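Since we're looking at a predicted model, the values are computed, not measured.
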Amino acid sequence: MSEAQAPEVTLDEIVALCKRRGFIFPSSEIYGGVGSTYDYGHYGVLLKNNVKAEWWRAMLSERDDIVALDSAILQHPRVWEASGHLEGFTDPLVDCRTCKQRFRADKLEDARCPQKPSKLPGEGPECDLTDAREFNLMFETNVGPVRDTASVAYLRPETAQGIFINFKNVLQFARKKPPFGIAQIGKSFRNEITTGNFIFRTREFEQMEMEYFVPPDEAERWHRYWLDERMRWYTDLGIRPDQLILREHGPDELSHYSSATSDIEYLFPMGYSELEGIANRGDFDLRQHAEFSGEKLEYFDQERGEAYVPHVIEPAAGVDRTALAFIVDAYDTEEVEGRKRTVLRLHPRVAPVKVAVLPLVSKAGMPEKAREVFEGLRRRLPAEFDEGGSIGKRYRRQDEIGTPWGVTVDGQTMEDDTVTLRDRDTLEQTRVAIGDLGDLLESKLADPWTSPKPT
Ligand code: GAP
């Protein structure tokens with residue numbers, strides 16, 4: 001994590017909004033919660049679905065050199081030997097003899113022993129710590145009814161290995177030649193020691209990973225290409241460019257498989273932190289799996305008349321972290337007519353609901369008319385019908401879930417079939433004929449969008 005700057009919003013405010021508006025809840029809350037796991041409510045699901053849909057759009061719909069994959073969470077245990085995870089996917093841990101808690105030896109400044117916390121900020125607890133030992137972050141389980149060493153399996157700690165072990169299958173069916181990519185989105189599991197910061201680091205999370213297979217002599221060029229592409233993805237979806245940085249890993253930080261990695265970092269409330277890693281993995285993974293499985297994992301270049309092991313460029317992002325960055329970047333408050341308004345200024349494509357249809361009052365045929373307008377719109381874009389409570393309260397609710405447009409059915413609607421269209425960001429209200437609404441909103445949704453928040 002880089003140096004922290006004064007946050008525009010605190011994580012507590014984000015957590016409170018997410019709970020209040022049904023985005024994200026602490027998991028197993030009625031039982032007192034379980035550390036660092038979260039459940040996504042209605043709007044959280046819709047937001048995450050939009051994040052994933054935008055990623056698939058960038059990987060699949062907008063290009064023809066990448067194919068999709070959905071591999072299993074449980075894989076052969078040898079996969080994790082070959083990948084280096086069994087031996088190397090560890091954190092150094094120390095135990096506190098006083099409070100019996102475990103801390104990461106390399107993150108002691110963040111550690112808090114409840115009995116003997118440090119009196120100096122930035123220093124570890126003043127308790128009785130053991131020497132560091134390596135702790136593997138993979139969750140172990142058993143496959144089948146017998147719990148013995150032969151039945152041990154692991155919940156995947158990354159989706160990437162599922163791609164490498166399918167390299168041969170995909171190459172045969174997709175008939176692609178390097179450069180080409182295989183993309184997947186799925187759950188990964190890590191028994192993280194230092195969790196926290198809400199959904200930033202959890203033990204169960206979703207990844208969006210793409211392995212891009214390239215001729216060895218083109219690896220550096222494609223690495224640079226994917227750094228630019230991925231940075232652009234975030235800014236096209238409205239993240240303010242000055243809240244993002246690209247940080248190159250130093251030699252001591254590089255994973256065992258990587259010859260170069262750069263992280264895209266976002267300025268979260270706790271400071272600049274990793275959103276996505278873009279690594280040049282060389283030929284490490286294909287060579288390892290070829291050696292451990294005995295299968296040839298290479299590409300035969302007909303033109304050159306020779307086989308080679310492609311090198312791999314990997315953009316690896318987290319769905320939950322991306323969702324958090326979108327919420328943090330969108331969170332805004334302002335005073336309107338003497339009242340505080342909280343609003344999520346999300347890119348319309350990311351917003352869970354695109355349009356809310358609201359009858360001004362619950363009488364004079366307005367609810368029925370509004371329902372009719374809603375039925376027409378919902379077929380074209382994610383819409384919500386909202387009739388409970390005062391109009392002010394309903395606008396505030398829609399502002400807090402980031403709905404970019406509100407359509408109000410009022411007295412004039414009953415006379416001339418026009419509605420009020422309210423813009424979430426400018427609060428501008430315009431009169432639109434009901435018959436034009438669908439086309440207008442669809443075209444607005446396709447328009448480029450930049451955040452109106454100051455940078
Ligand atoms: N295959 C490479 C790989 O897994 P990583 O940097 O460990 O690389 C990629 O993970 C991305 O997955 C991270 O940038 C982050 O967005 C997300 N991620 C990793 N660990 C996470 C955790 N414990 N909680 C939430 N997201 C996580």
Under 4.5 Å between any side-chain heavy atoms of L441 and K354, yes or no? no

Between the side chain of [X] and the main-chain N/O of [Y], is any donor-acceptor distance below 3.5 Å?
X: S258; Y: L254; value: no
X: R63; Y: R57; value: no
X: Q243; Y: R240; value: no
X: S28; Y: Y31; value: no
X: S390; Y: K393; value: yes
X: R424; Y: G402; value: yes
X: W233; Y: E54; value: yes
X: D320; Y: A323; value: no
X: N197; Y: F200; value: no
X: K453; Y: Y331; value: yes

Which atom pair, heavy atoms only, marks the closest approach of [X] to [Y]?
X: F284; Y: S83; value: CE2-O, 3.6 Å
X: R394; Y: L360; value: NH2-O, 3.3 Å
X: R230; Y: P315; value: CG-CB, 3.8 Å
X: P454; Y: E8; value: O-OE2, 4.1 Å

Quick check: F139 with Y154 (ring centres under 6.0 Å apart)? no

Spacing of CG belonging to L275 relative to CZ belonging to F326, to within rounding of 0.5 Å: 8.0 Å

So, E204 and T37: side-chain donor and acceptor under 3.5 Å apart, yes or no? no

Polar side chain donor-acceptor pair, Q184 to Q207, under 3.5 angstrom: no

Does the plane of the ring in F213 sit parallel, tilted or perpendicular to the ring in F164? Use 30° and 60° as the thresholds. perpendicular

Do the rings of F385 and F374 sit parallel, tilted or perpendicular, given the 30° and 60° boundaries? tilted

Under the criterion side chain to side chain donor-acceptor pair (under 3.5 Å), I'd like the reasoning laid out for D39 against S27: C-alpha separation, chi angles, the key distance, then a yes or no. CA-CA 5 Å; D39 298 336; S27 187; 3.1 Å; yes

K48 to Y40, cation-pi by 6.0 Å centre distance and 45° axis angle: yes

Does R203 qualify as a cation-pi partner of F189, given the criterion of NZ or CZ under 6.0 Å from the six-membered ring centre and within 45 degrees of its axis? no

Going by the rule side chain to side chain contact (heavy atoms under 4.5 Å, CB included), which residues pair with H42 if we only count those two or more places apart in sequence or in a different chain? L46

Would you mind checking if [Y] and [X] are paired as a salt bridge, meaning a charged N to carboxylate O distance below 4.0 Å?
X: K187; Y: E206; answer: no
X: E442; Y: R349; answer: no
X: D95; Y: R102; answer: yes
X: R380; Y: D439; answer: yes
X: E384; Y: R397; answer: yes
X: K340; Y: E335; answer: no
X: E368; Y: R371; answer: no
X: E229; Y: R224; answer: no

Looking at W226, Y225, F180, which hits ring pair (Phe, Tyr, Trp, His ring centres under 6.0 Å) with Y212? W226

Flag yes if more than 12 heavy atoms outside E253 fall under 6.0 Å of its CD atom; otherwise flag no. yes

